[in-house]
Structure formats: C-alpha cells, structure tokens
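Every number for a ligand or one of its atoms is a count from 1 in the order of the listing. Atom set for the values below is all heavy atoms of this structure, side chains included, hydrogens, waters and symmetry mates excluded.
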Amino acid sequence: MFPIIDLFAGPGGLNEGFSSVRDERGAYVFKTLASFEMDSLACQTLRLRATYRELVRSGGDLRPYFDYIEGKQTWQSVLTGDFKEAYLAAKTHVYQVELGEDNRPEVDNFIERQLGPENERGHWALIGGPPCQAYSLAGRSRRTGDESFASDHKHFLYREYLHILGKFKPTIFVMENVKGLLSSRNGDSSMFQTILEDLKRLPGGASYEIRSLVVDAEPRELDPSDFIIRSEEYGVPQKRHRVILLGVRSDVAGRLPRSSLKRADGPVTVRAALQTMPSVRAKTSKRRPKIDQDWVAVQNKALDSVRRMDSVSKHEPLKAGTLAMDEYEAWIHEASLSAPIQHDPRPHMVSDLARYRVMAELAERLGKSPKYTDLPVSLHPEHSNVGRERTPFTDRFRVQVWDTPATTVVSHISKDGHYYIHPDPQQNRSFTVREAARLQSFPDNYFFEGARTQQFHQVGNAVPPLLSKQIGDVVADMLGAL
Ligand SMILES: C[S@@+](CC[C@H](N)C(=O)[O-])C[C@H]1O[C@@H](n2cnc3c(N)ncnc32)[C@H](O)[C@@H]1O
C-alpha cells in the first residue's frame, strides 16, 4: 500500500476518495499515515471514519458503527471489542494541530515517525488543500477595503504545504484550492503565480513537475485555467469548480506518462441525488401556540400568489449521464442503514416558508431558480436593506432545481439556507445535512460529528469524495508504474 499524508484534512473528503481506491485484485492501494487538522470536530469525524475503514479492511463487526451513527447507541456503549480496537488503531494518525511556523517541529517529528527511516521509505503521496477563505471570491468581497486582508496569514498557509514538500519529498502531491486563487492578488503579484514560483524553489532542493488533471499538455504549455476541475463533469451532482495541482517529483516525472481524469457520460442531477431521500417537513423556528394555523395560512398565501402568476414556459430537462448516475448511486448507497442519517431539516421562520414554497413552485415551471423579484411584494422581507447590500437581494434566494447539478455547496451553507431551497414545493424547506452531503457525493454511511452548523460546515469544506476517488485512481496508476 502507498502511504498518504493529508494536510488541512477537514472532514476527510479528499482522503475518503483516496482510501477507496483498489487495485484490479480488489486490494486497497492507499493507507493514511497522518491527517492534520485544527478543528476538533472535524478531527472527531476523521477518527470515526478512520475507525470505519479499519473495521472494513480488517473484516471487523460493523454493527456498533451503524448503531452509533444511527443514534441507537452512545459512543461509550459501542466502544468495546472490535470497534474499540479499530478506533485505537485509527485515531493515532489523526493529529489535531494548527499548522504554522510555530508548530513545524512537532508536525515534522510526527511525519518523520509515521514515514519511518528515510532510506526505507518507498513512494508516497501528499494530499490536501491549504484553507481557502483568503482566496475565495466570497471571502474577498466581504473584506474589500480591509487592509489586514493582504497580510492575512491564511494567504500564506500554503507555505506549510511547501515546507513539508521540501522536507519530505513525496513522490506525488495533490493540492486543492478554490477557483478564486487564480484571480487572487497579493500586492502586485498573482497568488497563483507566486505559489508556482515558490514550488520551483523548494527548501532542500526538491523540484516538481506541475501537471493538470484535465488537460493533457506539456507543463510549460498549461494555462492557469487548465487546472480548474469542474466536478459536474466527473459524476458529482454539483457545479463545484476547484483548482487542483498534480505535482510529480522531477526525478520520476520522465517515467510517468501524463494521465487525465475521464469525463462522465453526462451530468448527475439533483433529482438523481435526492429522489430516494424521504420527504420531511421543516418546523418553524418560533414557538407559537397556533403553529398549525400558521402553517395553513402560509401555504394558502403562497399558493394563491402562485396561481395568480401567468404560466411560465416549460423547460427541457438536461440529459443526464446514465453510467454516471449508476456509478453515483453505487457510490453513495448503504444497505445497512434503515433510514438516512443526519436528515432532519432546520427550523425556518414562517415567512421564509412562504417564500420557499412560491420559489420552489416557480422553479418547477421554469426549470431554473426564479429571481427573488418574482415573489409577490407581500412576501418580501420587511427590513429595508433590499437593494442596498453588496449581494444583490435578487440573488439571495435560490432553489436548487431538479434537473441540473446543484450550485456549489459552500462551507457557510448553515447560514445560507436561502440559497439551498429544496426543489420539492411540498417539502418547503432548505436542504438537510444529508442532502448537502449527497450533493457533495459523500457515501450515505459517512457521519459528521458536532451540531448541525458544524456538520454543514464540514460538508461544505470538503473535496467531493467521488471526484477525489478518480484523482486517487490516477495517482495509484502513476505510483504503480514506478
Ligand atoms: C477546505 S478544508 C479542507 C477540506 C478537505 N481537503 C476535504 O476534502 O475534506 C480546510 C481545512 O483546513 C483547516 N485549517 C485551517 N487552518 C488550519 C491550520 N492552520 N492548521 C490546520 N488546519 C487548518 C480548517 O479547519 C478546514 O477544515
């Protein structure tokens, strides 16, 4: 098995894909030696998932795992026997730490220990993505005019990644980041070019050939946009576009042919991702004595306004990829669960429920999300900042329509429920954690620790595991050829 080390590991989306890669005999190809992450709940998620993998790989009893994630047993009561043994083995490689200059010695020591003596190390891969808020378009727009932005240490966390590349010289690395990295500037220089330049001058003299996973061209002919991976082209039901660099150590690059991801035969739609989820209805956030009357009044008001609207043109559904859908379903499916986990909707304000209902009804007719201005004025919010805020109010509400992939599931999805309105008007709510996880292509048996807000945060942070599985396949073929 080829070792992998995962930096800024989040809830483990990237790791999940790599960990699922098997060779033609069915044997697992990668083994995680270390995952570094500073968030304690993401670390708990990583430990639990590592325990699950340990049980799967060792043929241990999986019942306690399912009992725990289904809420049938507490952590304490399942922590015995096979499960405990797997947990103790798994947890040792999840290291909670804030990566940064101050902590380099302890991180380096840990990696040193995990990789073993230098002269006995074989080929291995470094994976991970330095945090992206500083580069993301959303992060930048929130901080326009903020002078501390240029010196934000998050701009430079990629140097921790580079430090480990230089010191430990993995055979291959995979570095993921947001698309905003390509247009992000630090003073006069482009962040992306700075990172590429820094990659050429690694400490310790290591050097890497930087390849694209989607464009088959000589590295010197590559354009920055050639590093953008559009998840929806690879069977993920979500238009998540990310910059991913594949680095191949120069001394082996000549022996490794370039290899790209294979596009799916068509998109996987929101419908394909969500149609098997049981319908659930949101509760209202305010405790009111006459909750049922509220609900009925809201429904009637919303329906009335839809009926008064002229009919809207019919939309031709997108032709989905048959093979891609089959692959997606097989990937997320878990027969051992009696019902989907983490699928309880957030409570909503009664007024928002009415808006969601109308928007979802309209989206069904349009085949795309309606504009907020399509709502009857009686359903507009009363506060006065409509039209004044930087985010145009017309874009504040978005229905994720059935017959296309969803828009990007972001880490602040917990605060942006308006942006993830369920397409079924009867359900009248925003997405649950499990639905967001499905759009991210997390298998149904993947459990996120913490309260709902933290669960959403972890889901939105991750690399879609189904995409990372395909990247893992490419890396496995390359390492296998050496
Ligand atoms: C975009 S997420 C990574 C997602 C991950 N690659 C996946 O596929 O699930 C970035 C993660 O970096 C973590 N992080 C941010 N700054 C960090 C630091 N200095 N040290 C360690 N982890 C950090 C955040 O808590 C977050 O979970």
Side-chain angles (χ1 to χ4, degrees), residues 4-20 30 32 34-50 53 94-104 106-108 110-111 125-136 138-139 152-164 173-181 229 231 236 238 240-245 408-414 433 436-437 439-443 446-450 453-472 475:
I4 44 176
I5 291 186
D6 189 9
L7 300 183
F8 307 100
L14 191 55
N15 198 297
E16 175 70 9
F18 274 73
S19 300
S20 311
F30 295 106
T32 307
S35 295
F36 294 100
E37 167 57 48
M38 71 178 193
D39 179 77
S40 65
L41 289 165
C43 284
Q44 275 187 39
T45 298
L46 289 170
R47 286 188 200 103
L48 179 66
R49 191 64 188 175
R53 271 183 218 126
V94 178
Y95 199 113
Q96 188 186 341
V97 65
E98 179 164 359
L99 293 160
E101 264 190 82
D102 293 349
N103 291 327
R104 277 185 190 173
E106 64 169 291
V107 169
D108 289 355
F110 188 71
I111 296 181
L126 183 70
I127 62 173
C132 50
Q133 293 95 313
Y135 311 133
S136 74
D152 189 331
H153 78 288
K154 291 200 198 86
H155 268 324
F156 303 105
L157 277 173
Y158 76 89
R159 289 184 185 153
E160 298 316 306
Y161 198 104
L162 266 50
H163 162 75
I164 290 166
F173 75 81
V174 174
M175 189 197 272
E176 182 252 0
N177 220 296
V178 287
K179 205 168 72 174
L181 174 64
I229 298 192
S231 305
V236 175
Q238 184 196 163
R240 189 182 192 88
H241 299 175
R242 289 290 184 263
V243 169
I244 303 190
L245 305 183
T408 311
V409 175
V410 296
S411 62
H412 44 95
I413 174 170
S414 61
V433 169
L439 297 173
Q440 275 278 57
S441 76
F442 273 100
Y446 209 106
F447 184 83
F448 304 91
E449 295 282 6
T453 301
Q454 284 95 23
Q455 295 166 13
F456 271 126
H457 194 76
Q458 292 170 48
V459 171
N461 253 340
V463 176
L466 185 54
L467 173 66
S468 86
K469 156 79 166 59
Q470 295 166 65
I471 299 172
V475 174

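The side-chain heavy atoms of Y158 and N177, taken from C-beta on, include no pair separated by under 4.5 Å. Two residues are said to be in side-chain contact when any heavy atoms from C-beta on lie closer than 4.5 Å; F8 and L157 meet this criterion. In this structure, Y446 and T45 have side chains that are in contact, with non-hydrogen atoms separated by less than 4.5 Å. With a 4.5 Å cut-off on side-chain heavy atoms, T408 and Q238 count as touching. Under the 4.5 Å side-chain criterion, counting only non-hydrogen atoms from C-beta, P443 is in contact with R49.
Each of the atoms 9 (O) of ligand 1 lies under 4.0 Å from some heavy atom of P11. Shown in contact with G10 at under 4.0 Å from a heavy atom are these atoms of ligand 1, numbered in order with element: 27 (O). Within ligand 1, counting atoms from 1 as listed, the ones closer than 4.0 Å to a heavy atom of A9 are 5 (C), 7 (C), 9 (O). Close approach to G12 involves these atoms of ligand 1, each under 4.0 Å from a residue heavy atom: 9 (O). For ligand 1, the atoms sitting less than 4.0 Å from at least one non-hydrogen atom of L14 are 7 (C), 8 (O), numbered in the order shown with element in parentheses. Interface atoms of ligand 1 facing V97, defined by a heavy-atom separation under 4.0 Å, are 20 (N), 21 (C).
Contact check on E16 versus K469 returns no salt bridge, with no Lys/Arg side-chain nitrogen under 4.0 Å from an Asp/Glu carboxylate oxygen.
The two residues G128 and Y161 come nearest to each other via the heavy atoms O-CE1, 3.4 Å.
Residue P131 has no N or O atom closer than 3.5 Å to an N or O atom of ligand 1. When only interatomic distances are considered, the shortest N/O to N/O separation between V463 and ligand 1 falls below 3.5 Å. In terms of polar-atom proximity, A462 is not counted as a contact of ligand 1, lacking any N or O under 3.5 Å from an N or O of the ligand. At under 3.5 Å, not a single nitrogen or oxygen of G128, backbone or side chain, sits near a nitrogen or oxygen of ligand 1.
Remark: R47 pairs with no residue by the salt bridge (charged side-chain N to carboxylate O under 4.0 Å, His left out) rule, at least two apart or across chains.
The proximity of S468 to ligand 1, defined as any non-hydrogen pair under 4.0 Å, does not occur for either the backbone or the side chain. Residue A42 does not touch ligand 1, judged by heavy-atom distances below 4.0 Å. Here N15 has no heavy atoms under 4.0 Å from ligand 1, in either its backbone or its side chain.
Residue contact check for ligand 1: D6 places no non-hydrogen atom closer than 4.0 Å to it.
Taking only non-hydrogen atoms, the option from M38, E16, E37 nearest to atom 13 (C) of ligand 1 is E37. With distances taken over non-hydrogen atoms, the option nearest atom 20 (N) of ligand 1 out of L157, L99, D39 is L99.
For the residue pair E106 / Y95, a side-chain donor-acceptor distance below 3.5 Å is found, with atom types taken as modelled.
The aromatic rings of F442 and F448 lie perpendicular to each other, with more than 60° between the two planes, well past the 30° mark.
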